[in-house]
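One structure below.
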Amino acid sequence: MRKWKCCSFILALGLWQLLAMAGALGRTPSPVDVVKGLYDLIVTGLPPGYYLQWHLLASLERVLIGFALAVVLAVPLGILMGSSTVFDAVLDPLVEVVRPIPPLAWLPLAVIWFGIGLFSAAFMIFLGAFFPILLNTITGVKSVDPCLVEAARTLGARRQTIILRVLTPGAMPSIVTGLRIGIGIGWMTLVAAEMTGVRSGYGLGYMILTARDVARYDLVVAGMVVIGTVGFLMDRMVKYAEKRLLRWM
Amino acid sequence: MDVENGGPVVELRSLYKSFTEKKTGRELQVLDHLDLEVRRGRFTCVVGPSGCGKTTLLRLIGGLEAPSSGEVLFEGSKVRGPGPERGMVFQEYALFPWRTVLRNVTFGLSLKGIPHREAGARADEYLETVGLTGYEDLYPRELSGGMKQRVAIARTLAVQPRILLMDEPFASLDAQTRNGMQEFLVQLWRRTGTSIIFVTHSVDEAVFMGQKIVGLSKRPARMIKTFENDLPYPRNRTAAEFTGLRARILEYLAVEMLR
């Protein structure tokens, strides 16, 4: 199976290279150009002295802060909304109206609230990750078998115990799904947010923007490859955590 | 208040329960002014056609439902919600899937504030009682239906309830396992002396285990008749007295269904 998984990848790369060498792709770089571009980004940096590693680190920092904030707020709120019909009825309309607003639409406000820089980018991430985590947590809590709640009650559990020791663990599979979707959307949001400007001059989105401005399309694609790979790795990490955390499933 | 052996542990007084149908807004009567007295230490079975309100009856005693009128008394005082002194065992086992067998059994113990170690030791005891020593670290999904139900019984017994309320606990087991579980439960009851109310739609099951068999009519349920069953334990399903009693109850229920 593993062999076959690589197969489509190699095939696509080969075809891409051939087309590029035949001159059919115009200014689109070939895979070899992209690899060279990656090397340039690591050794020379873009702009020179601004190395890929630092761009990556800056982006990860923003992701981590925004994502952590989203988890810390969305999970407890989701548990409250999932377990209390009153809470749900009060907050649901607000959530449903705010949720469809794309994080990028918040950027102007984010800039006047947090200035250009780490926190407004982290805020974008937060917005991207918050709603998938919230909604999945609510769904998870609501889908806990009511029989388990009744069993807990007959064993002497009160409301607080039920929330903490029945609803929360019961919702965990759904919460973890929310985390996976959340970090994915957060990561995508971040790159877009960075493309609209960062003060420090670091960030993968910002780097791609710079590459476009100097017409280095090899570096644009190299940046895309890094973003894709890191996104993939983050997803794998959450998936691994899921496996460890949810052994009972 | 008489809490000696043989005194009433549960009393239902003119118990009436109805639900409002969500779609039509119609009132659906489930229990119609039921009176019943359950004596301490006895094994009582409740039988009746499916949908007749047997489960509702048990849930009212367990405190998971509130009566529309009338009252449920447990040891002389009015039931106002669930409590560990009335242990419930559900048809669907209701084990916490994220907890191991052992930690399922310690759940109720830790709620009582029993320290971790002691709770573990006590859980081990009850797991031994239900014959599941060695399975402590498995998760519920790794167990068969019969084993799951035994864990659920151990979990309920561990908090030392004064009555065991069982809602068709063996209904989703295959016939073989089911017979085994019935024998197991009778032995357990004879050893511990806990009062048991056991709801089932199987007359055979009721006659095999119960000392008193309460037949409910179809909905809305009025209690129709109680049968005393003095056959000695362990009971023989093929004995003439057994099949005779079984036939009498079945006949009664059949007549009731036709009314």
Side-chain angles (χ1 to χ4, degrees), chain A residues 71 75-76 78-79 82-86 88-89 133 136-180 238-249, chain B residues 55 58-59 61-65 79-101 103-114 119 137-143 148-149 151-161 163-167 169:
Chain A
V71 174
V75 171
I79 289 169
S83 59
S84 151
T85 43
V86 176
D88 196 36
I133 299 174
N136 275 282
T137 305
I138 296 173
T139 311
V141 171
K142 285 185 175 169
S143 66
V144 172
D145 185 355
C147 204
L148 296 182
V149 174
E150 293 189 337
R153 290 178 69 202
T154 62
L155 289 165
R158 306 240 169 265
R159 187 166 166 73
Q160 193 190 339
T161 313
I162 286 169
I163 290 177
L164 292 178
R165 290 165 77 174
V166 180
L167 296 179
T168 303
M172 212 35 102
S174 188
I175 293 175
V176 173
T177 305
L179 297 185
R180 267 182 80 188
V238 182
K239 222 174 160 180
Y240 177 76
E242 180 179 10
K243 243 188 181 161
R244 299 294 307 263
L245 221 68
L246 304 175
R247 259 176 312 174
W248 53 270
M249 281 201 52
Chain B
T55 294
L58 206 68
R59 290 170 59 84
I61 302 170
L64 293 173
E65 306 274 358
V79 166
R80 295 172 202 282
E85 71 283 355
R86 282 158 290 134
M88 279 195 88
V89 177
F90 301 86
Q91 182 182 338
E92 316 78 18
Y93 321 125
L95 295 178
F96 305 118
W98 56 87
R99 289 178 161 248
T100 58
V101 165
R103 305 231 315 125
N104 259 285
V105 181
T106 56
F107 181 88
L109 296 173
S110 66
L111 293 184
K112 281 188 163 181
I114 292 169
D137 296 328
L138 294 187
Y139 285 98
R141 70 169 156 82
E142 299 171 285
L143 305 177
K148 278 183 201 166
Q149 198 53 288
V151 176
I153 292 171
R155 180 178 67 177
T156 304
L157 287 177
V159 294
Q160 297 174 331
I163 190 167
L164 214 48
L165 307 170
M166 308 184 86
D167 183 16

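FYI, side chains are in, hydrogens and waters are out, and symmetry mates aren't considered; it's all heavy atoms of this structure. To find a chain, count down the sequence lines: A is the first, B the second, and so on, and within it residues start at 1.
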Do you know which of [options] has the most heavy-atom pairs with chain A at a distance under 4.5 angstrom?
options: B:Glu85, B:Lys112, B:Arg155, B:Arg99; answer: B:Arg155
options: B:Pro97, B:Ala152, B:Gly83; answer: B:Pro97
options: B:Leu95, B:Val159, B:Thr156, B:Val89; answer: B:Leu95
options: B:Leu111, B:Leu138, B:Leu165; answer: B:Leu111

Do A:Arg247 and B:Tyr139 meet the cation-pi criteria used here (NZ or CZ under 6.0 Å from the six-membered ring centre, within 45° of the axis)?
no

Output the distance between atom CZ (A:Arg165) and atom CZ (B:Phe107), rounded to the nearest 0.5 Å.
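Nearest 0.5 Å value for the CZ-CZ distance: 5.5 Å.
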
Rounded to the nearest 0.5 Å, the CZ atom of B:Arg59 sits from the CD atom of A:Glu150 at a distance of 4.0 Å

What residue, out of A:Pro169, A:Gly156, A:Ala151, has the most heavy-atom pairs lying under 4.5 Å from chain B?
A:Pro169

Any donor-acceptor pair under 3.5 Å from B:Arg86 side chain to A:Thr154 backbone:
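Not a single qualifying donor-acceptor pair exists.
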
Examine whether an atom of A:Met172 lies under 4.5 Å from a heavy atom of chain B, and if so say whether it belongs to the side chain, the backbone or both; otherwise answer neither.
neither

Could you tell me which portion of A:Val149 (side chain, backbone, both or neither) has an atom closer than 4.5 angstrom to a non-hydrogen atom of chain B?
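Neither part.
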
Specify the closest pair of heavy atoms between A:Arg153 and B:Gly63, including all atoms of both residues, with the distance to one decimal.
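In this case the closest contact between A:Arg153 and B:Gly63 is NH2-O, 4.5 Å.
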
Sort B:Phe90 into side chain, backbone, both or neither according to what part of it lies under 4.5 angstrom from a heavy atom of chain A.
side chain

With side chain to side chain contact (heavy atoms under 4.5 Å, CB included) as the test, would you mind laying out the steps for A:Val166 and B:Trp98 before giving the verdict?
CA-CA 9 Å; A:Val166 180; B:Trp98 56 87; 4.1 Å; yes

